[in-house]
Amino acid sequence: KDIMQLMRANGFRYVEAITWVRKNIANSMILEQGSFLWRAKQTCLIFRKMQKNGRGWADRFDMRHQRNADVILQFVPADTERRKPEKVVTIMETLLPDANFNEETGRGRFLELFAMKDTRRRGWTTIAHTLT
């Protein structure tokens, strides 16, 4: 199945895609070996969970539109771990303000799948990519 169909079938709505390109200090792309091709970018698909009602899925999430680039250049040393740039996280938290950390409940409603180890963030549930 296509990821969009899978997410929709499970009550998620597509919000945005953000891509970041990792570059080194010399302004060259940092290439990594993929399954079949070399890759120089990563893409983050942002979805939001919809509420289930008697007629199906209802979209009850406050979403803020903003003017941001959908491609971010991340300048890092070549041996740095592949963490999401802080700008990507800021964009997500701005787009979906109702999902941010709530002082009353003591929790947030963001979920990060396939995260790098030790990338915990207040208001986020993080599932690590590798467990070591």
Side-chain angles (χ1 to χ4, degrees):
K1 269 188 169 179
D2 177 79
I3 188 67
M4 298 296 196
Q5 292 171 330
L6 178 68
M7 296 301 284
R8 185 75 176 170
N10 286 285
F12 289 88
R13 180 177 176 194
Y14 171 76
V15 174
E16 185 68 68
I18 302 172
T19 299
W20 61 96
V21 178
R22 294 182 65 211
K23 299 185 92 176
N24 62 26
I25 307 298
N27 203 25
S28 299
M29 288 188 282
I30 298 173
L31 298 174
E32 298 172 338
Q33 179 67 50
S35 299
F36 300 103
L37 304 171
W38 286 94
R39 63 178 176 225
K41 66 172 179 60
Q42 289 185 301
T43 301
C44 176
L45 299 175
I46 303 171
F47 294 88
R48 63 183 178 180
K49 180 78 171 163
M50 295 186 290
Q51 303 292 320
K52 190 153 188 141
N53 63 23
R55 295 172 290 171
W57 297 104
D59 194 356
R60 294 183 175 202
F61 232 108
D62 181 23
M63 188 174 101
R64 304 291 160 95
H65 295 281
Q66 58 182 359
R67 302 272 186 233
N68 273 314
D70 59 352
V71 176
I72 296 168
L73 299 179
Q74 180 186 27
F75 291 90
V76 295
D79 60 350
T80 304
E81 285 186 336
R82 296 181 304 133
R83 295 180 187 267
K84 285 177 190 59
E86 185 64 28
K87 179 72 175 166
V88 171
V89 176
T90 302
I91 289 170
M92 288 188 271
E93 291 177 343
T94 302
L95 276 173
L96 302 166
D98 288 347
N100 284 313
F101 183 78
N102 182 319
E103 294 289 342
E104 291 177 19
T105 63
R107 61 187 200 132
R109 295 175 12 192
F110 283 103
L111 172 66
E112 180 178 12
L113 300 175
F114 312 113
M116 297 301 291
K117 190 176 99 177
D118 299 324
T119 57
R120 293 187 180 168
R121 185 178 180 88
R122 188 175 168 175
W124 287 72
T125 299
T126 303
I127 299 175
H129 183 255
T130 56
L131 301 173
T132 56

- To the nearest 0.5 Å, tell me how far F47 CZ sits from I3 CD1. 5.5 Å
- Task: Identify the heavy atoms of F110 and E93 that sit nearest to each other, and give their distance.
- Result: CZ-CA, 3.7 Å
- Message: Quick check: closest heavy atoms across T43 and W20, and the distance to 0.1 Å?
- Response: C-CZ3, 4.5 Å
- Task: Mind checking the CE-CD spacing from M92 to E112? Nearest 0.5 Å is all I need.
- Result: 6.5 Å
- Pairwise distance CD(Q74) to CD(E86) - rounded to 0.5 angstrom: 11.0 Å
- Does the side chain of Y14 come within less than 4.5 Å of M7's, by heavy atoms? no
- Query: Rounded to the nearest 0.5 Å, what separation is found between the CZ atom of R22 and the CD1 atom of I72?
  - Reply: 14.0 Å
- For L73, which residues count as a side-chain contact (heavy atoms from CB on, under 4.5 Å) partner, sequence neighbours excluded? V21, K23, F75
- Give a yes or no on whether the backbone of N24 and the side-chain of S28 come within a donor-acceptor separation of less than 3.5 Å. no
- Item | Co-membership, hydrophobic cluster, residues L6 and L45, 4.5 Å side-chain | yes
- Query: How many angstroms lie between NZ in K87 and CD1 in I18, if you round to the nearest 0.5 Å?
  - Reply: 9.0 Å
- Message: Can you tell me if M29 has over 12 outside heavy atoms packed within less than 6.0 Å of its CE?
- Response: no
- Check whether any side-chain heavy atom of R8 sits under 4.5 Å from a side-chain heavy atom of R13, and report yes or no. yes
